[in-house]
Novice: 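After the structure tokens below, expect a handful of questions from me.
The sequence lines fix the lettering, A, B, ..., with proteins before strands; numbering per chain opens at 1.
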Amino acid sequence: MPLKIYNTLTRKKEEFKTLEKGKVRMYVCGPTVYDRAHVGHAMSSIVFDVMRRYLEYCGFQVRHVMNYTDVDDKVIRRANELGVDPLELAEGYIEEYEQHLKDLRVLPADKNPRVSKEIENIIEMVAALIDKGFAYTVEGDVYFSVAKDKDYGKLSRRKPEDMQAGFRVELNERKQAPEDFALWKAGKPGEPAWDSPWGPGRPGWHIECSVMAKRHLGDEIDIHGGGNDLIFPHHENEIAQTESITGKPFATYWAHNGMLQIGGEAMSKSVGNMVTVEEFLAEHEGDVLRMMVLNGSYSAPLTFTGEVVDQAEKALGRLRAALRPSRASQDETSGNTIDLLERAQVARQQFENSMDDDFNSPGALAGMFELVRSINQARDAGADDSELQPAQATLKSLAGLLGLDLEATAQVSSDATDFINMLVALRDELRNENLWQLADLIRDQLSEKGVVVEDGQSSSTWRFK
RNA sequence: GGCGACGUAGCCAAGUCUGGUAAGGCAAGGGUCUGCAAAACCCCCAUGCGUGGGUUCAAAUCCCACCGUCGCCUCCA
């Protein structure tokens, strides 16, 4: 079954065809680093990580570029408030975000370009847009003239005349038309500025992505991704800039993830309704957030609530529990009649069919959970490890394709392990002597310390909660 | 006001493009197992897919209208 991707540009699900055989060029808009990242940013990174992992599974060689916007009004404003250098402020947030990506098991992009390191290339592209007549200068500012771009609005499907200019933003009387946008902004006192043919200044918001995609991936790319709040104006303007220069389609597929919502609205720094990645990771492991994301379509909005987090955590636990070993004793003959190899094959098939259909991770997970049930049934029927392991290996591998690590264990000091083993062994002796009260006491006390004891026929097993 | 996305069980959610009679997870209830638990397993859990019309032998899926939630509307999530 061929891979299909929903394309925002055509508003259709389309068969995935690369520009270059076997290779995928993917550019994803990363965060503007003016504050700590929240779980909404993490969601976006996870969504495109899953996409990238699956494309690689399909045999594509993926070149993945994600940028950091480190030169921006908000970065400057924040830095001024704190009395620090804007680029140093941004650097700190970038380092923090990279650590979050590691904790969330997001594969590192092949390249993480930053605006501050691409100024020369940006100036070059702005100059080219002026040369070609798509941009004009006003007192050190450079604006893109939307009227010069005939198919402007094709991504967001809106026309300048449909929009209420200045609805949210104050009009800038220096622009020839309200829909024009800044490519270069003249420097103001107290702001970082770079020399340019138009005087000292800095890039506008959208130009950096056009430049970085072009420089690190080429004139044409396969997939351009980001949050759906970026469709307009950011991605629309990227298209305008790039295609005006190259005369070629910028990206074949435009992919957008839905917004993470909290308390009935999109999580955002300005509203202050955010949960930072740091806060989340202090309470849960990264896979819990990944599980939340995988449970729904990447393009649909996701609501962040305690209940949803809890459900994701439990579901993850169920996947992991399927990896537990056989309970059959050596001399017992297996009463298992389930063909686990066949079930594993079915799960993999459903996984692939679902993922091929616009990365339908909920469908992929559904197949995995059916395999979980089969494995558990077989274990209950007395299957030994040699029967269970191939199916468990498939489950692990499918989970791995989604970026989930089913073997991750709670990072508790191994010092405690020996003592817990000793206590549990001691308790088994008590159980053999039918000293139930004492055995139950130990189990209850361990439970309070976060250790779950599960009794078997002859001995007990334990695990961390 | 404009553009777009979404609305499926108590909760999360697939299925909608390609119409054929509702995946999966969490929770609740009943049961098996167990010294008691836990875990696991079995049963149960939407005659119903925002509302109202229409097309069709057949609609969650197509068409029209309406309601609700969210996102975006060009100095920048």
Side-chain angles (χ1 to χ4, degrees), chain A residues 4 6 8 11-14 29 31-32 40-41 44 69 72-74 141 143-144 146 153 156-172 175 177-182 185 204-206 226-234 236-237 256 258-259 261 264-270 291-292 295-297 299-303 305 307-316 318-319 321-322 324 327 350 354 357-358 360-370 372-373 375-377 379-381 431 434 436-437 439-440 443-444 447 452-457 460-461 463:
Chain A
K4 288 182 181 175
Y6 180 82
T8 307
R11 309 286 157 130
K12 282 193 194 97
K13 214 183 275 181
E14 298 174 342
C29 285
T32 299
H41 298 111
S44 187
T69 299
D72 168 272
D73 279 359
K74 282 190 273 202
D141 287 346
Y143 295 99
F144 185 92
V146 168
S156 59
R157 311 225 161 168
R158 55 184 89 194
K159 300 183 176 81
E161 58 268 30
D162 289 341
M163 289 180 277
Q164 229 168 295
F167 183 90
R168 194 182 72 167
V169 170
E170 283 172 47
L171 288 176
N172 176 346
K175 296 195 286 193
E179 61 269 24
D180 293 349
F181 55 90
K185 298 155 83 158
W205 177 31
H206 318 291
N228 68 15
D229 56 341
L230 297 176
I231 295 172
F232 189 88
H234 188 56
E236 194 70 70
N237 291 350
H256 294 95
M259 291 291 100
Q261 293 175 205
E265 55 192 330
M267 189 174 287
S268 84
K269 292 167 186 172
S270 51
M291 209 46 201
M292 280 174 62
N295 183 49
S297 305
S299 57
L302 172 63
T303 306
T305 65
E307 193 178 5
V308 166
V309 174
D310 190 49
Q311 288 175 4
E313 200 151 32
K314 295 260 183 60
L316 182 63
R318 182 169 164 79
L319 288 178
R324 292 183 191 177
R327 285 197 306 260
Q350 183 175 341
S354 298
D357 187 14
D358 194 32
N360 181 351
S361 54
L365 280 175
M368 290 164 62
F369 277 111
E370 295 195 21
V372 166
R373 175 174 295 114
I375 291 171
N376 289 337
Q377 282 171 338
R379 187 192 298 101
D380 274 6
R431 290 176 64 230
N434 289 356
W436 307 121
Q437 278 194 331
D440 288 352
R443 187 172 61 194
D444 291 346
S447 176
V452 183
V453 178
E454 295 177 0
D455 294 339
Q457 291 285 354
S460 308
T461 57
R463 62 188 164 85

Novice: Taking all non-hydrogen atoms of both residues into account, name the closest pair between D358(A) and Y6(A) and its distance.
Specialist: OD1-N, 2.9 Å
Novice: Sticking with atom P, work out how far A14(B) lies from A9(B), rounded to a whole angstrom.
Specialist: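 One P to the other, the span is 12 Å.
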Novice: List the steps and the verdict of side chain to side chain contact (heavy atoms under 4.5 Å, CB included) for M291(A) and L365(A).
Specialist: CA-CA 10 Å; M291(A) 209 46 201; L365(A) 280 175; 4.1 Å; yes
Novice: How close do I375(A) and A322(A) get, counting heavy atoms only, and between which atoms?
Specialist: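 Smallest interatomic distance, heavy atoms only, reads CG2-O, 3.4 Å.
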Novice: My understanding is that only residues two or more places apart in sequence, or in another chain, count here; which of them pass salt bridge (Lys or Arg N to Asp or Glu O under 4.0 Å) with K13(A)?
Specialist: D357(A)
Novice: In the structure shown, which nucleotide is the Watson-Crick or G-U wobble counterpart of U56(B), with both distances under 3.5 Å?
Specialist: none
Novice: Short question: side chain of D455(A), backbone of S460(A) - any donor-acceptor pair under 3.5 Å?
Specialist: no
Novice: Which one is paired to C49(B), where only Watson-Crick or G-U wobble pairs with both distances under 3.5 angstrom count?
Specialist: none
Novice: Between atom CD in E236(A) and atom C1' in G4(B), what is the gap in whole Å?
Specialist: 12 Å
Novice: Under a 3.5 Å limit for both distances, which nucleotide forms a Watson-Crick or G-U wobble pair with C72(B), could you say?
Specialist: G2(B)
Novice: Got a sec, which residues hit side chain to side chain donor-acceptor pair (under 3.5 Å) with S361(A), two or more places apart in sequence or on another chain?
Specialist: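 Partners of S361(A) under the side chain to side chain donor-acceptor pair (under 3.5 Å) test: none.
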Novice: Let's see if you can work this out: which of C73(B), U74(B), A38(B) has an atom nearest to the side-chain heavy atoms of V452(A)?
Specialist: A38(B)
Novice: Calculate the interatomic distance between N228(A) atom CG and C72(B) atom C1'; express it in whole Å.
Specialist: 8 Å
Novice: Side chain of R157(A) only, please: which of C3(B), C17(B), A39(B) is the nearest?
Specialist: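 Taking heavy atoms from C-beta onward, the closest nucleotide is C3(B).
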Novice: What's the CG-P distance between D444(A) and A37(B), to the nearest Å?
Specialist: 13 Å
Novice: Generate the contact string for nucleotides 19-35 of chain B. Rules: B means base contact, S means sugar-phosphate contact only, - means no protein heavy atom under 4.0 Å.
Specialist: ----BBBBS-------B
Novice: Hey, which of these two, L302(A) or N237(A), hits RNA chain B nearer its 5' end, going by closest nucleotide?
Specialist: L302(A)
Novice: Could you check how far NE2 of H234(A) sits from C1' of C72(B), rounded to whole Å?
Specialist: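 Whole-Å distance recorded here is 14 Å.
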Novice: Now, which nucleotide makes the Watson-Crick or G-U wobble pair with A40(B), with each of the two distances under 3.5 Å?
Specialist: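 With both distances under 3.5 Å, A40(B) matches U32(B).
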Novice: In whole Å, measure the gap between the P atoms of G24(B) and C62(B) for me.
Specialist: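 Comparing P positions in G24(B) and C62(B) gives a spacing of 24 Å.
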Novice: Give the intermediate values and the outcome of side chain to side chain contact (heavy atoms under 4.5 Å, CB included) for residues R379(A) and R327(A).
Specialist: CA-CA 7 Å; R379(A) 187 192 298 101; R327(A) 285 197 306 260; 4.0 Å; yes
Novice: What's the CZ-P distance between F181(A) and C73(B), to the nearest Å?
Specialist: 15 Å
Novice: Who passes side chain to side chain donor-acceptor pair (under 3.5 Å) against E14(A), sequence neighbours left out?
Specialist: N7(A), T10(A)
Novice: Which nucleotide, C75(B), C42(B), G15(B), lies nearest any side-chain atom of Y143(A)?
Specialist: C75(B)
Novice: When we call it a touch if two heavy atoms are under 4.0 Å apart, what does E454(A) touch: a base, just sugar-phosphate, or nothing?
Specialist: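 The answer is base, as E454(A) lies within the cut-off (heavy atoms under 4.0 Å) of a base atom.
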Novice: According to ring-ring contact (aromatic ring centres under 6.0 Å, His included), who are the partners of F181(A), at least two apart in sequence or on a separate chain?
Specialist: F144(A), H206(A)
Novice: Report which part of the nucleic acid V146(A) touches: base, sugar-phosphate, or nothing (heavy-atom distance under 4.0 Å, all strands).
Specialist: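 The residue V146(A) makes no contact with any strand.
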Novice: Distance check, C1' atoms only: G52(B) and G15(B), in whole angstrom units.
Specialist: 24 Å
Novice: When you compare U61(B) with G7(B), how far apart are their P atoms, in angstrom units rounded to a whole number?
Specialist: 12 Å
Novice: Of the listed nucleotides (C75(B), G15(B), C3(B)), which one gets closest to any side-chain atom of R158(A)?
Specialist: C3(B)
Novice: Find the distance N434(A):CG to C36(B):P and express it as a whole number of Å.
Specialist: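 Going from CG in N434(A) over to P in C36(B) covers 12 Å.
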Novice: Do K12(A) and C17(B) have a side chain to base donor-acceptor pair shorter than 3.5 Å?
Specialist: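 Side chain to base: no pair present.
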Novice: Under 4.0 Å, heavy atoms only, any strand: does D72(A) hit a base, just the sugar-phosphate, or nothing?
Specialist: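 Result for D72(A) = base.
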Novice: Which whole number of Å gives the distance between the C1' atom of A28(B) and that of C17(B)?
Specialist: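 So the two C1' atoms sit 37 Å from each other.
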Novice: Please give the distance between the P atoms of A23(B) and A46(B) as a whole number of Å.
Specialist: 11 Å
Novice: Among C41(B), C70(B), A39(B), which is the nearest nucleotide to the side chain of Q261(A)?
Specialist: C70(B)
Novice: State which residues pass salt bridge (Lys or Arg N to Asp or Glu O under 4.0 Å) with R324(A); sequence neighbours excluded, sorted by chain then number.
Specialist: E454(A)
Novice: Using atom names, set out every protein N or O paired with an N or O of nucleotides 6-9 of chain B below 3.5 Å, distance rounded to 0.1 Å.
Specialist:
none

Novice: NZ of K175(A) versus P of U74(B): gap in Å, rounded?
Specialist: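 In whole Å, U74(B) P lies 8 Å from K175(A) NZ.
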Novice: Could you tell me the Watson-Crick or G-U partner of A14(B), where both distances fall under 3.5 Å? Say none if there is no partner.
Specialist: none
Novice: Give the rounded distance in Å between these two atoms: CE of M259(A) and C1' of C72(B).
Specialist: 10 Å
Novice: Hunt down the Watson-Crick or G-U wobble partner of U21(B), both distances under 3.5 Å, from any strand shown, or write none.
Specialist: none
Novice: What's the gap between U69(B) and C43(B) when it is taken at their P atoms, as a whole Å value?
Specialist: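 Each nucleotide's P atom is 41 Å from the other's.
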Novice: Is there, by distance only and without an angle test, a donor paired with an acceptor across the side chain of K4(A) and the base of U18(B) below 3.5 Å?
Specialist: yes
Novice: Mind checking salt bridge (Lys or Arg N to Asp or Glu O under 4.0 Å) for K314(A) and listing every partner two or more places apart, or none if nothing turns up?
Specialist: D310(A)
Novice: From the options C72(B), A40(B), A38(B), select the nucleotide whose nearest atom is closest to the side chain of N376(A).
Specialist: A40(B)
Novice: Under 4.0 Å between a side-chain N/O of S297(A) and OP1 or OP2 of A14(B), yes or no?
Specialist: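 True: S297(A) side-chain N/O within range (under 4.0 Å) of A14(B) OP1/OP2.
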Novice: For the C1' atoms, the ones on C11(B) and on A27(B), what distance do you get once it is rounded to whole angstrom?
Specialist: 7 Å
Novice: Quick check: closest heavy atoms across S354(A) and G363(A), and the distance to 0.1 Å?
Specialist: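 Closest approach of S354(A) to G363(A): OG-C, 3.3 Å.
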Novice: Using heavy atoms to find the nearest nucleotide of RNA chain B for G296(A) and R463(A) separately, return the residue whose nucleotide is more 5′.
Specialist: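 The residue mapped nearer the 5' terminus is G296(A).
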Novice: Under the salt bridge (Lys or Arg N to Asp or Glu O under 4.0 Å) rule, collect the residues that match up with D72(A), sequence neighbours excluded.
Specialist: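 Expected list: none.
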Novice: Taking only the side-chain heavy atoms of V308(A) (C-beta and beyond), determine which of A14(B), C72(B), C12(B) contains the nearest atom.
Specialist: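 Comparing A14(B), C72(B), C12(B) against the side chain of V308(A), the answer is C12(B).
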